[in-house]
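Notes for the one structure printed next.
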There are 2 protein chains.
Amino acid sequence: MSKQTLTVLEPDVCCAPLATSAVPAEAAADLAASFKALGDPVRLQLMSMIASADGGEACVCDLTPAFDLTGPTISHHLKVLREAGLVESDRRGTWVWYRANRPRLAALSALLDVAPAA
Amino acid sequence: MSKQTLTVLEPDVCCAPLATSAVPAEAAADLAASFKALGDPVRLQLMSMIASADGGEACVCDLTPAFDLTGPTISHHLKVLREAGLVESDRRGTWVWYRANRPRLAALSALLDVAPAA
DNA sequence: CCCTTAGGTTGACAGATCTCGAAGCAGGCG
DNA sequence: CGCCTGCTTCGAGATCTGTCAACCTAAGGG
């Protein structure tokens, strides 16, 4: 697996449900990167805390104390989520705020959708 | 991250959309394991090939030649998907057939669902 | 029986990942 | 200006992961 950052990352890379048609190799690399980012308990919780936060935004200062991990580690996980295109960050004065990339989440959700009208 | 196989793996471990309420730590470990399994381009393609296969089943003999990888490697990836509860296997005579665990996929899809009734 | 074919298991190795402590950068306060 | 706090980046160590070659098991055919 190469270290390169994927340049695709459009919210709607591939939306045909996985159970409907096979995912092409190029799209698979991009989509798998997002799933991999969610493939860590800490990041999944971070993602959910951010996405479900009041106002749709969460401050790092609120996220960090929720885990038994050091600041740098949380920062690292947030960076992974950022590079996967799942969240966006925004510095506001002293604190940094994170918000979820809804369209991206929706695309992933649609991909895993099975037989909506079975 | 421990090596232990999680014992939970019920299809409906946690279904409240990630954007609605934060995922509890215990559920996060289980769910993240599934996302991690999908976090590899090869496995994501395998998953889609199996889920979209005619009759809902795919033979390993059809999956392996679709990649530029050796048999053992494909076997390893299928094992990961199996242990993540995403697919089930079934030997039928000479060949082994795989089919998707639809409920599990549905649960993951629901988790990533954003603004169901926005 | 022996052999061939389909898959899975084992062992090994390069590369990636998670975690931390130390150091760096940005913004606010005295 | 000088310092403190919040967050990120850097460097390092232990662990995990993807891949292959070699080997093993199961099923079917002479």
Side-chain angles (χ1 to χ4, degrees), chain A residues 1-6 25 28-29 32-47 49-50 53 57-84 86-99, chain B residues 1-6 25 28-29 32-47 49-50 53 57-84 86-99:
Chain A
M1 220 171 310
S2 60
K3 188 69 179 180
Q4 45 134 16
T5 336
L6 295 163
S34 283
F35 284 126
K36 187 194 303 196
L38 294 175
D40 180 286
V42 173
R43 285 195 295 266
L44 188 57
Q45 288 181 81
L46 281 171
M47 188 71 230
M49 290 171 71
I50 294 169
E57 295 183 318
C59 172
V60 177
C61 57
D62 289 330
L63 299 174
T64 304
F67 299 88
D68 204 16
L69 296 170
T70 62
T73 300
I74 297 297
S75 187
H76 159 68
H77 284 306
L78 288 172
K79 182 180 185 179
V80 173
L81 288 174
R82 228 183 304 130
E83 290 180 341
L86 290 168
V87 300
E88 285 158 23
S89 66
D90 177 13
R91 173 165 220 125
R92 215 124 70 218
T94 308
W95 298 286
V96 177
W97 295 81
Y98 278 79
R99 84 196 79 79
Chain B
M1 225 171 304
S2 62
K3 187 72 179 180
Q4 45 135 19
T5 336
L6 293 163
S34 284
F35 284 126
K36 187 195 304 197
L38 294 175
D40 180 284
V42 174
R43 286 196 294 267
L44 188 57
Q45 288 182 82
L46 281 171
M47 188 71 228
M49 291 172 71
I50 294 169
E57 294 183 317
C59 173
V60 177
C61 57
D62 288 330
L63 298 174
T64 305
F67 299 88
D68 204 18
L69 296 170
T70 63
T73 300
I74 298 297
S75 187
H76 160 67
H77 284 307
L78 287 172
K79 182 180 185 179
V80 173
L81 288 173
R82 227 184 307 129
E83 290 180 341
L86 290 168
V87 299
E88 287 159 21
S89 66
D90 177 13
R91 176 166 216 122
R92 218 125 69 216
T94 308
W95 298 286
V96 177
W97 295 82
Y98 278 80
R99 83 195 82 76

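The chains referred to below are lettered A, B, ... by the order of the sequence lines, with proteins before strands, and numbering in each begins at 1.
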Taking the minimum atom-to-atom distance to the side chain of [X], which one of [options] wins?
X       : options               : answer
A/Ser75 : D/dT9, C/dC18, C/dT17 : D/dT9
B/Pro72 : D/dT19, D/dA22, C/dG7 : D/dA22
A/Thr73 : C/dT9, C/dA6, C/dT19  : C/dT19
A/Val96 : D/dC7, C/dG21, D/dC20 : D/dC7

Interatomic distance where [atom1] belongs to [X] and [atom2] belongs to [N] [whole Å]:
X       : N      : atom1 : atom2 : result
A/Ile74 : C/dT19 : CD1   : C1'   : 11 Å
A/His76 : D/dG6  : NE2   : C1'   : 19 Å
A/Leu46 : D/dT8  : CG    : P     : 11 Å
A/Leu81 : D/dT8  : CG    : P     : 12 Å
B/Asp90 : D/dA26 : CG    : P     : 17 Å
B/Arg91 : D/dG28 : CZ    : P     : 9 Å
B/Leu78 : D/dT17 : CG    : C1'   : 16 Å
B/Phe35 : D/dT17 : CZ    : P     : 17 Å

Look at [X] and [N] and indicate whether a side-chain polar atom (N or O) is within less than 4.0 Å of OP1 or OP2.
X       : N      : answer
A/Tyr98 : D/dT8  : yes
B/Lys36 : C/dT17 : no
A/Thr70 : C/dT19 : no
B/Arg43 : D/dG18 : yes

Q) Shortest non-hydrogen contact from B/Trp95 to B/Cys61? A)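 Closest pair (atom of B/Trp95, atom of B/Cys61, distance): CD1-SG, 3.6 Å.
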
(Q) Minimum heavy-atom separation for A/Ala33 and A/Ala84, please, with both atom names. (A) O-CB, 4.2 Å

Hey, does [X] reach any base, or is it just sugar-phosphate, or nothing, if we go heavy atoms under 4.0 Å?
X       : answer
A/Gly93 : sugar-phosphate
B/Phe67 : nothing
B/Leu69 : sugar-phosphate
A/Thr94 : sugar-phosphate

Q: Let me know which of A/Arg82, A/Glu57, A/Glu88 forms a side chain to side chain donor-acceptor pair (under 3.5 Å) with A/Tyr98.
A: A/Arg82

Q: Look at the side chain of A/Thr64 and the backbone N and O of A/Val60, then say whether any donor-acceptor pair between them is shorter than 3.5 Å.
A: yes

Q: State whether the side chain of B/Arg43 and the backbone N or O of B/Gln45 hold a donor-acceptor pair below 3.5 Å, judged by distance alone.
A: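 Looks like no, no N/O pair under 3.5 Å.
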
**Q.** Residue whose nearest DNA chain C nucleotide is more 5′ - A/Arg92 or A/Gly71
**A.** A/Gly71

Q | Single hit among B/Leu44, B/Val87, B/Asp40 for side chain to side chain contact (heavy atoms under 4.5 Å, CB included) with B/Leu81 | A |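 Only match with B/Leu81 under side chain to side chain contact (heavy atoms under 4.5 Å, CB included): B/Val87.
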
